Amino acid sequence: MGDRLHDTAAWRRHSHRHPCRRRPAGPRQRCHRPGRGDRPADEPGGQAMTVRLRVAPSPTGDPHVGTAYMSLFNLAFVRQQGGQFVLRIEDTDRARFQADSEQQVFDMLAWLGLQWDEGPDKGGPYAPYRQSERLDTYTPYVEQLLAQGNAYHCWCTPARLQQMREDQQARKVPTGYDRLCVGKTREQRAELPGCSDVPVVRMLVPDDAPLSFVDLIRGQVNAPRPDDQVILKADGFPTYHLAVVVDDHLMGITHVVRGEEWISSTPKHVLLYDWLGWERPAFAHMPLLRNVDKSKISKRKNPAARLTWFVEQGYLPEALLNFLGLLGYSLPSGEEIFSFAEMSASFDWTRVNTVGPVFDLDKLGWLNGHYLRALAPEDLQARLIPFLRAAGLYDDSAAHRSLLAGAGPLIQTRMAVLSECVDLLRFLFVTDREFVVQDAAREKSLGDAGPVLLALAEALAPLEEWTTASVQTAMDAALIDRLGLKRGKAYAPVRAAVCGSLISPPLPESMALLGQQRVLARLRAAL
RNA sequence: GCCCCCGUCGUCUAGCGGCCUAGGACGCCGCCCUCUCACGGCGGUAGCGGCGGUUCGAAUCCGCUCGGGGGUACCA
């Protein structure tokens, strides 16, 4: 594989942060990492290596927001370095596999504009990119490990293993496989209880297994001593640990970027790299996105854990991306509104935080509003249509198109998410038969509004020109000048009668769009 | 239970031993604008988990403690 952009180079490049404080006690070595801008010479041989990163989701349900989060950071680095980004589907868990999940992953990443260079759908020099299609690539390595004495067969039944763990917990000792099967032939093992027919293959983890590694984000990290991890399941599928190492190596992955939850299994992976004689990639463990209660973000506790939720709610992909970039990360400039290109240009692993950020929708709503307001009128309309259509309000007729063109600008500052357009614009698109005045609006604004509505109807009926200006002029003349009302007081009942709600887009504009006939009909209906 | 990771306003963050009586953003509160709701403008609220060290000086370094999280699977 030659020289990759290895740990130290990438590590040295940043790192004013993470002083030696996380190094284990013992003989203290002084950190001597240069500060920012003090870049080391290029790669050995004067040739910059191409970085290759990957995201490897499991198709086990709705695409997870964590996949987008990881992809964003992977890609920010890849594009900065001019490398490649690989999408690999890790479908070794047959029990949780869901057929349509993979396509949803493609769709969601594409929606976000996170484009991968190689993957199951677009192929590439290291195809196939689905682990289930790579089954025979793993077996030689299992054989090798077995032959080298780094792995062994284990016939223990799940029941026995569970019993064993319970005993260990009861005795307050670390849980782990007790190596009953080590050094035994199938026949020898069969004489003992809890023996199954089909064996699995386990790693024989040595006592001196390396437990610490350098992390691009955290510096030196210590991880727990691994158990004798199963690498080949009874069903013939490799476990994640074997598959990820083999695939990452074979696919030339230079930087393994994944969630913090993987820190504890990194020693297993390091061991496999070493046993197989492969160069280790650089590791970066991202902080975990959290629910409001600080637990690892889950679909159960947080609707936003499902990527499709953002589409359903009407978040803009650019806003979600920006928001994700703000979680656990900040630009050197301090700017909080930024594009992917801006993030990528200044990207720096050491600026990634080690604390898991709470995924809080408030700020996303604000950001989304910001991007919403920046949309060109036609763009906004196009994005609104699916929501209006789904609500049964929009049929794409010329009349509807024209209404929408007029209404878009009126609600552009009034939405945090696109789906809110439905409630905001219902009064405009709803048929006369279906139009209703909400109870709250009726009670609050229509109680004694008869004279006001009547006066207005009389003033508007003869109007020959029906525009925002003419409506407003006539309305103000009738209600403010003649009846002596304040505008706020005067408009409230009109709003209720015409829009059916306590809140609405600006009234004269709304009435102009609605049209004279419908306005008059609603005013009279409210009398 | 055992192992590992992490601890700055409610939330996202800046901070890299003196520039910190800790800065910004979201949220919240108030005021302005105003036909409602928003947008926009202005102002305010609120934080270094605790205790010990090191140092002339600590949010920044060290230790302990407390708290949170993750892992502990023939899931990923």
Side-chain angles (χ1 to χ4, degrees), chain A residues 15-22 25 35 56-58 60 90-93 95-96 154 156-158 161-162 165 168-176 196 198-202 211 218 221-227 229-235 237 239-241 243-244 258-265 285 287-288 290 292-296 323 326-330 332 334-337 353-367 369 373 411-416 424 441 445 472 475-476 486-492 494-496 499 501-508:
Chain A
S15 230
H16 51 287
R17 230 180 202 179
H18 313 301
C20 301
R21 71 183 128 127
R22 295 195 188 88
S58 297
T60 55
E90 309 222 326
D91 53 354
T92 55
D93 184 356
R96 294 200 300 158
C154 171
C156 291
T157 59
L161 294 172
Q162 192 187 333
R165 279 184 211 107
Q168 289 165 335
Q169 275 206 24
R171 284 185 293 131
K172 302 180 195 258
V173 298
T175 54
S196 70
V198 191
V200 300
V201 175
R202 287 182 183 274
L211 301 183
R218 292 152 202 271
V221 174
N222 300 306
R225 185 182 180 286
D227 187 12
Q229 176 67 46
V230 171
I231 53 174
L232 191 70
K233 299 183 242 183
D235 63 7
F237 276 61
T239 57
Y240 169 83
H241 301 97
V244 76
R258 70 227 304 195
E260 186 182 2
E261 68 217 275
W262 295 107
I263 288 179
S264 53
S265 40
H285 289 93
L288 250 27
R290 311 294 182 103
V292 176
D293 67 3
K294 306 273 191 183
S295 57
K296 175 165 85 167
F323 179 64
L326 240 23
L327 293 180
Y329 191 71
S330 62
E335 187 54 61
E336 299 205 280
I337 293 181
N353 280 162
T354 49
V355 244
V358 170
F359 197 100
D360 179 18
L361 265 357
D362 278 340
K363 193 155 187 172
L364 174 59
W366 166 75
L367 259 181
R373 274 165 249 135
I411 61 169
Q412 191 154 16
T413 63
R414 294 178 163 77
M415 296 178 288
L424 249 16
S445 306
Q472 170 134 328
M475 185 154 64
D476 286 357
K486 294 241 184 207
R487 185 175 272 130
K489 187 88 174 155
Y491 282 19
V494 180
R495 184 184 317 282
C499 302
S501 168
L502 249 18
I503 62 171
S504 79
L507 237 204

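Computed from a prediction, not measured in an experiment: that's the story for all the values here. Chain A is the first sequence line, chain B the second, and so forth, proteins listed ahead of strands; every chain is numbered from 1.
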Sugar-phosphate, base or nothing in reach of A:P506, heavy atoms under 4.0 Å: base
Spacing of the C1' atoms in B:rA46 and B:rU11 (rounded, Å): 12 Å
Per A:L326 side chain, nearest of listed nucleotides B:rC12, B:rC75, B:rC5: B:rC12
Sugar-phosphate, base or nothing in reach of A:G334, heavy atoms under 4.0 Å: nothing
Integer-rounded Å distance: B:rA38 P and A:I411 CD1: 15 Å
Sugar-phosphate, base or nothing in reach of A:E336, heavy atoms under 4.0 Å: base
Length of the OH-C1' vector between A:Y491 and B:rC37, whole Å: 16 Å
Distance, rounded to the nearest Å, where A:W366 contributes CH2 and B:rG24 contributes P: 14 Å
Salt-bridge present (A:K296, A:E260; N to O < 4.0 Å): no
Euclidean distance, A:N222 CG relative to A:I263 CD1, rounded to 0.5 Å: 10.5 Å
Which residue lies more 5' along RNA chain B, comparing A:T157 with A:I503 via nearest heavy atoms: A:I503
Length of the line joining A:N353:CG and B:rU8:P, which is rounded to integer Å: 9 Å
Sugar-phosphate only, base, or nothing, as touched by A:P505 at under 4.0 Å among non-hydrogen atoms: base
Touch class at under 4.0 angstrom, heavy-atom based, for A:T413 against every strand present: base
Integer-rounded Å distance: B:rC35 C1' and A:L502 CG: 13 Å
Of A:P224 and A:V200, the one whose closest RNA chain B nucleotide lies more 5': A:P224
Any donor-acceptor N/O pair, A:R218 side chain to A:H285 backbone, under 3.5 Å: yes
Interatomic distance, A:R414 CZ vs B:rA38 C1' [rounded to whole Å]: 5 Å
